[in-house]
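Inspection log for the structure reproduced underneath, given as structure tokens.
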There are 2 protein chains.
Amino acid sequence: MTTRTTATAVPLARLLAMAFRLLIDGLHERLAERGWRDLRPAFGFVLLGLRGGPATLRELTELLGTSKQAVSKLVEAMVETGYVKRRTHPDDARAKTVQLTQRGHRLLAAVEEIYDELERQWADVIGRERIEGIREDLDAVLRSAYGEALPAVRPLGPEA
Amino acid sequence: MTTRTTATAVPLARLLAMAFRLLIDGLHERLAERGWRDLRPAFGFVLLGLRGGPATLRELTELLGTSKQAVSKLVEAMVETGYVKRRTHPDDARAKTVQLTQRGHRLLAAVEEIYDELERQWADVIGRERIEGIREDLDAVLRSAYGEALPAVRPLGPEA
DNA sequence: GAACGAACGTCAACAAGATTGACTAAAGGA
DNA sequence: TCCTTTAGTCAATCTTGTTGACGTTCGTTC
């Protein structure tokens with residue numbers, strides 16, 4: 001039980017990065033197969049952010065962890081490709097709500113289907129209990145670091 | 001044991017992304033505290049790639065998963081900041097080897113120290129066995145997807 | 001009810017980082 | 001020796017994010 005074992009092994013950060021990419025690449029590959037081709041990588045986070053219903057730009061900004069200007073341009077791109085639409089907020093004329101269009105809902109459904117499929121693939125290798133274990137463990141670590149609220153998912157540009 | 005549980009929970013990809021960021025942010029925070037300030041996010045992957053000794057640009061390109069031009073510029077930046085140096089390859093006059101300088105070795109040592117420290121923090125929350133479990137599980141999934149060789153760690157620009 | 005400061009979102013200019021294409025030089029095989 | 005392939009660089013472009021300035025609306029306070 002030396003302390004050096006961790007240093008010479010593949011760093012955890014690299015494993016996490018590779019595992020993340022494995023999922024994301026698999027997702028986009030399958031989406032392309034199904035005909036979804038005009039996607040930008042960051043669309044997915046917005047999509048998942050709108051899963052529970054409309055959100056304001058500010059809320060999306062908090063979710064993504066970037067500047068509001070960047071999110072504004074991202075949403076603009078999603079409006080142009082027909083995945084979301086903007087509405088003026090019912091109670092606040094300054095704000096606008098972003099919500100999924102029909103097409104956006106179909107994309108979201110496809111994404112969730114594929115995620116399920118990919119998780120099933122993982123389960124074939126390590127078993128479903130392990131996956132749930134990873135989920136719980138990471139959740140615990142994150143909550144211990146950030147408190148109850150999960151942190152923003154930064155644009156992920158920066159890395160190791 | 002419904003199939004819907006996974007869809008409504010936090011997607012695994014998001015958890016992996018957040019966990020990765022937690023490590024990376026922690027790393028850069030602590031590096032900055034120790035006076036390492038002229039770092040670029042991607043330096044770390046090159047650093048770890050050179051851990052085992054000199055490598056050619058081509059090998060680094062495979063490791064990082066980006067274009068050789070991007071790696072060339074990245075290495076150039078690391079040469080300018082004094083972390084690595086280039087040499088012409090002993091057996092191949094076309095190729096150049098990239099290797100750590102003294103300063104690069106000191107940085108690498110700091111990085112590994114901090115990774116150990118961060119893993120110890122994780123261990124305080126979920127226990128060391130769980131960390132090793134995650135490591136093994138991710139490793140198994142990755143190898144099942146890519147074969148024996150671990151895949152490239154893409155610049156991580158693209159995401160969800 | 002008028003006025004001030006704060007908050008929501010957009011526009012425009014800029015910067016960082018990666019990509020593509022063209023090129024030089026060296027290797028390796030026929 | 002010629003021809004193709006490979007290693008690396010240079011230059012132009014694109015994508016994506018940031019910063020700063022702005023118009024509009026809200027909410028509080030006088």
Side-chain angles (χ1 to χ4, degrees), chain A residues 17 21 24-25 28 37-46 49-50 54-81 84-99 152-160, chain B residues 17 21 24-25 28 37-46 49-50 54-81 84-99 152-160:
Chain A
R21 282 223 70 83
I24 295 309
D25 289 347
H28 283 277
R37 295 174 191 282
D38 55 351
L39 302 175
R40 251 169 59 181
F43 281 11
F45 283 132
V46 174
L50 299 179
T56 65
L57 203 83
R58 203 187 129 277
E59 290 166 330
L60 289 176
T61 297
E62 282 173 8
L63 172 68
L64 294 187
T66 61
S67 66
K68 58 185 181 175
Q69 292 91 333
V71 176
S72 183
K73 285 198 283 188
L74 181 59
V75 167
E76 177 57 27
M78 294 183 74
V79 168
E80 277 168 15
T81 43
V84 303
K85 57 190 170 195
R86 290 188 240 244
R87 306 253 163 180
T88 46
H89 191 99
D91 304 335
D92 187 339
R94 291 171 303 178
K96 298 180 182 173
T97 63
V98 180
Q99 62 181 301
V153 187
R154 286 282 278 320
L156 268 248
E159 53 241 58
Chain B
R21 283 222 69 84
I24 295 309
D25 289 347
H28 283 277
R37 296 176 190 280
D38 54 353
L39 303 176
R40 252 169 58 180
F43 281 13
F45 283 131
V46 174
L50 299 179
T56 66
L57 204 83
R58 201 187 130 277
E59 290 166 330
L60 289 176
T61 298
E62 281 173 10
L63 172 68
L64 294 189
T66 60
S67 65
K68 57 184 181 176
Q69 293 89 332
V71 176
S72 183
K73 285 198 284 188
L74 181 59
V75 167
E76 177 56 30
M78 293 183 74
V79 169
E80 279 169 13
T81 44
V84 303
K85 58 190 170 195
R86 290 189 241 243
R87 305 252 163 184
T88 46
H89 190 101
D91 304 335
D92 188 338
R94 292 171 305 178
K96 299 179 182 173
T97 62
V98 181
Q99 61 182 300
V153 188
R154 287 282 275 322
L156 268 248
E159 53 241 58

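Within every chain, numbering begins at 1; the chains are lettered A, B, ... in the order of the sequence lines, protein sequences first and strands thereafter.
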Is a side-chain donor or acceptor of [X] paired with a backbone partner of [Y] at a separation under 3.5 angstrom?
| X | Y | answer |
| --- | --- | --- |
| A/Thr81 | A/Ala77 | yes |
| A/Thr61 | A/Leu57 | yes |
| B/Glu62 | B/Glu59 | no |

Test item: B/Leu64 and B/Leu74 side chains (from C-beta on) under 4.5 Å apart, heavy atoms: yes
Side-chain touch A/Glu76/A/Glu80, heavy atoms, less than 4.5 angstrom: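 Heavy-atom side-chain distance check passes, below 4.5 Å.
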Take the protein atom [atom1] of [X] and the nucleotide atom [atom2] of [N], then report the distance between them rounded to whole Å.
| X | N | atom1 | atom2 | answer |
| --- | --- | --- | --- | --- |
| B/Glu80 | D/dT9 | CD | P | 13 Å |
| B/Glu59 | D/dA7 | CD | P | 10 Å |
| A/Leu57 | D/dT25 | CG | P | 17 Å |
| B/Leu64 | C/dT19 | CG | C1' | 15 Å |
| A/Lys96 | D/dT24 | NZ | P | 12 Å |
| A/Leu39 | D/dT16 | CG | P | 12 Å |

Counterpart residues, side-chain contact (heavy atoms from CB on, under 4.5 Å), relative to A/Arg87 (two or more places apart): A/Lys85, A/Thr97, A/Gln99
Within less than 4.0 Å of OP1 or OP2 of [N], is there a side-chain N or O belonging to [X]?
| X | N | result |
| --- | --- | --- |
| B/Arg58 | D/dA7 | yes |
| A/Lys73 | C/dG9 | no |
| B/Thr66 | C/dA18 | no |
| A/Ser67 | D/dG17 | no |

Interatomic spacing from NZ in B/Lys73 to CZ in B/Arg40 - rounded to 0.5 Å: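 Between B/Lys73 NZ and B/Arg40 CZ, I get 8.5 Å after rounding to 0.5 Å.
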Point-to-point distance, once rounded to the nearest 0.5 Å, from CE of A/Met78 to CG of A/Leu50: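 Interatomic distance, A/Met78 CE to A/Leu50 CG, rounded to 0.5 Å: 7.0 Å.
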5' priority, DNA chain D, between B/Thr97 and A/Leu74 [closest heavy atom]: B/Thr97
Under-3.5 Å donor-acceptor pair between A/Lys68 side chain and C/dG9 base: yes
Base of C/dG9 paired with side chain of A/Glu76 (donor-acceptor, under 3.5 Å): no
From the options [options], select the nucleotide whose nearest atom is closest to the side chain of [X].
| X | options | value |
| --- | --- | --- |
| A/Arg40 | D/dG8, C/dC8, D/dT16 | D/dT16 |
| A/Gln69 | D/dT19, C/dG17, C/dG9 | D/dT19 |
| B/Arg94 | C/dT19, D/dC26, D/dT5 | D/dT5 |
| B/Thr56 | D/dG17, D/dG8, D/dT25 | D/dG8 |

Sugar-phosphate only, base, or nothing, as touched by B/Ala70 at under 4.0 Å among non-hydrogen atoms: base
DNA chain C contacts made by residues 85-92 of chain B, counting heavy atoms under 4.0 Å: B/Asp92
